[in-house]
Each structure stands twice: as C-alpha cells, then as structure tokens.
Amino acid sequence: MTVTIMGATGHLGGLVVGALLARGQSASEIIAVGRDESRLVALGALGVSARRADYDAPESVDDAVAGADTVLLISATDVGRRFAQHRAVIDAAQRAGVTRLVYTSVVNAGTATTILAAEHRQTEEYLRSAGLEYVVLRNGWYHENFTDQIPGYLERGIVGSGGAGRISGAARADYADAAAAVLTGPWPGSRTFELGGPAYTLTDVAAEISQQTGDEVRYVDLPAEVYQGILESAGLAAPVAAMLADEDVGLASGALFVDGTDLGDLIGRPPTTLAHAVAQAVAGGGHAR
Ligand SMILES: NC(=O)c1ccc[n+]([C@@H]2O[C@H](COP(=O)([O-])OP(=O)(O)OC[C@H]3O[C@@H](n4cnc5c(N)ncnc54)[C@H](OP(=O)(O)O)[C@@H]3O)[C@@H](O)[C@H]2O)c1
C-alpha cells in the first residue's frame, strides 16, 4: 500500500516519514512530496521516493499523487490561500484514483470561530463531500510553538491574550506518530479525531520554563489589540499579527482545548508532556541552570 506524504519537507512531514518507517512501512512504498529540493534529497537518502510539487501548479500535484493508495495532506502554510491549495490536492487525488485521504486539520475546526480554523473547516467540508474515504486528524497545538521561543521568553517574558485558556498541546512527534498509526494500522473508516495532550495555560508555560531554567518568566495577559500592536512592532506583518492575536482570543474561549484521549489511543502511549518538551529544549539550548 503506497502512501504519499504531501508536505514531507516540513517539520511534521519529516517526522511522519520517520514514524512510518519505525512502524514498519517499507521505504519503497512511501512517496515524500514537497517543494524544497534540498530536503527532498535528504528524504530520498532514506530510501523513499521523493517528488517535487507545488499546490499552485496542479499538474505537479497530479504527478505527485500518481500511484498512491493513500495520501496524507499536511495542511499548507499560506493562510488565506490554503483552502484552494488543499482543494487542488483533493481533486488530484480523486483524478488519480486514490482510495483514502488523511488530512491534518486543527482541533475544534468544526466549531472554532478563529481565522485559522476557517480554512481547515472549509477543507474538511470539501473532503467529506468529495467521495474519497477520509480521516481528519485535528491536531492540537505543538509544544514547539512555545519551546522554540524559550530564549526570547527568558529575555522578555511571555505576552498574549489567551487568558486562562487551556491548550491541549503535544509534541509534533506525537501528531506525526498518530498520522503514521492511521496510515499503517487497520483503517478506522472515515472519521475525525480530535488530538491533544494534557492541558496547560500560558501561565503554566511560564511557570514550567521558570522552574526548569531557574530564571523567572512571567506571563502577562493583554487586550488583543495591544498584543497585536506588540507583534506588529516586533516586525510581524499586520495580517499575521492579527491572526495570532485572534488565535489567542480563541484560546481564551477554549478553541485549543480537547477533552478526549484520541491522541494517546492512536499512538499507544501517553502524549509528550509540556514538562518533558521544556526539559528537552532547555537541555538542547543550554538554558539549564
Ligand atoms: N498545530 C500547530 O501548533 C501548528 C503550528 C504551525 C503550523 N501548523 C500547521 O501544520 C502544518 C504542518 O506543520 P509544520 O510545522 O510541519 O509546518 P512546516 O514545517 O512549515 O511544513 C509545511 C509543509 O507544507 C509544504 N507546503 C506549503 N505550501 C505548499 C505548496 N504551495 N505546495 C507544496 N507544498 C507546500 C511545505 O513545503 P516547503 O518545505 O517547500 O515550504 C512544507 O513541506 C503547517 O503547514 C500548518 O498548516 C500547525
């Protein structure tokens, strides 16, 4: 059963390829797709087939999905253009006679009112009406969204508008393993999984980093328009700053909270805790006390 990974050159996609191999999928039955030639060469060195495609060039997508039984579509990055790009991949998969498509969405995509959730919801609706068998993996927040920023947090603290909203975060590697479990395991039928780990707040993130580094980091909650202004003055484009502030408003009202065990059930172990992710980042970045 040949599996094609769209977005394999990204962080999550690379981990999915590794998780597929770890779960016994033969390298000769993995097709890794992305735009970045150098990363495709690195993936090819693992023995998998590497193909270049850009969702904005439909013929390249047709070539990429040719011969696949199952396609994993990892959501793309161009916010505002993603639905059209995802639709291009779903259409190409149908033309190629692909049986199953697995899509990485975002938690609570069915109900969240955030800017980020809208294109995921559109993609899910399109996929459900397309006639392919599908699995939607609604991924929660990555711990790495926070752990990658530890040096900045140690300098400036954490600001945001997430209030006491709870984040059911997990490591990218957990979500990658969940995708690999679906792609290699018994097909669960067309269904949607809400994936996340034990919940924490932004105040908990600050406390965990403080505890593990010995330097006090505080979380300061701000009105969304003030937070957006800070992001813009830090150099972010206005639409990106608006989207991040909007995501925090969603966080405050529960958009990133998952009350379920889908992730642990799929991967067969508890998801990585925030404490573990911070410990790894602190050890790797030399921030330990
Ligand atoms: N849950 C979370 O916390 C969270 C956080 C951030 C993002 N996300 C979402 O999750 C996805 C995966 O996360 P990630 O960390 O792996 O992101 P990433 O490292 O940026 O990977 C995104 C992948 O999508 C590919 N891609 C984007 N636009 C494309 C296009 N037009 N044609 C072909 N390929 C395209 C990229 O190719 P290139 O390498 O050529 O760019 C890359 O392989 C993201 O794309 C985003 O939708 C989730």
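Indexing begins at 1, ligand by ligand and atom by atom, following the structure's order.
Looking at H11, its side chain never comes within 3.5 Å of a backbone N or O of R172 through a donor-acceptor pair. Using modelled atom types, one side-chain atom of R52 and one backbone atom of R35 make a donor-acceptor pair closer than 3.5 Å.
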Output side-chain donor-acceptor pairs under 3.5 Å for residues 241-249, partner residues at least two apart or in another chain, one line each.
unit_1 : atom_1 : unit_2 : atom_2 : d
D246   : OD2    : I115   : N      : 2.7
D248   : OD2    : S161   : N      : 2.7
D248   : OD2    : G162   : N      : 3.4

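Among residues two or more places apart in sequence or in another chain, the ring-ring contact (aromatic ring centres under 6.0 Å, His included) test is passed with Y142 by Y175.
Applying the side chain to side chain donor-acceptor pair (under 3.5 Å) test to residues at least two apart or on different chains, the pairs with a partner in residues 70-86 are D56-R81, D56-Q85, D78-R81, D78-Q85, R82-E119, H86-Y103, H86-T123.
Every protein residue with a heavy atom nearer than 4.0 Å to ligand 1 is included here: G7, T9, G10, H11, L12, R35, D36, R39, A53, D54, Y55, I74, S75, A76, T77, R82, Q85, G140, W141, Y142, N145, R172.
Salt bridge D62/R95: present, at least one basic N to carboxylate O contact under 4.0 Å.
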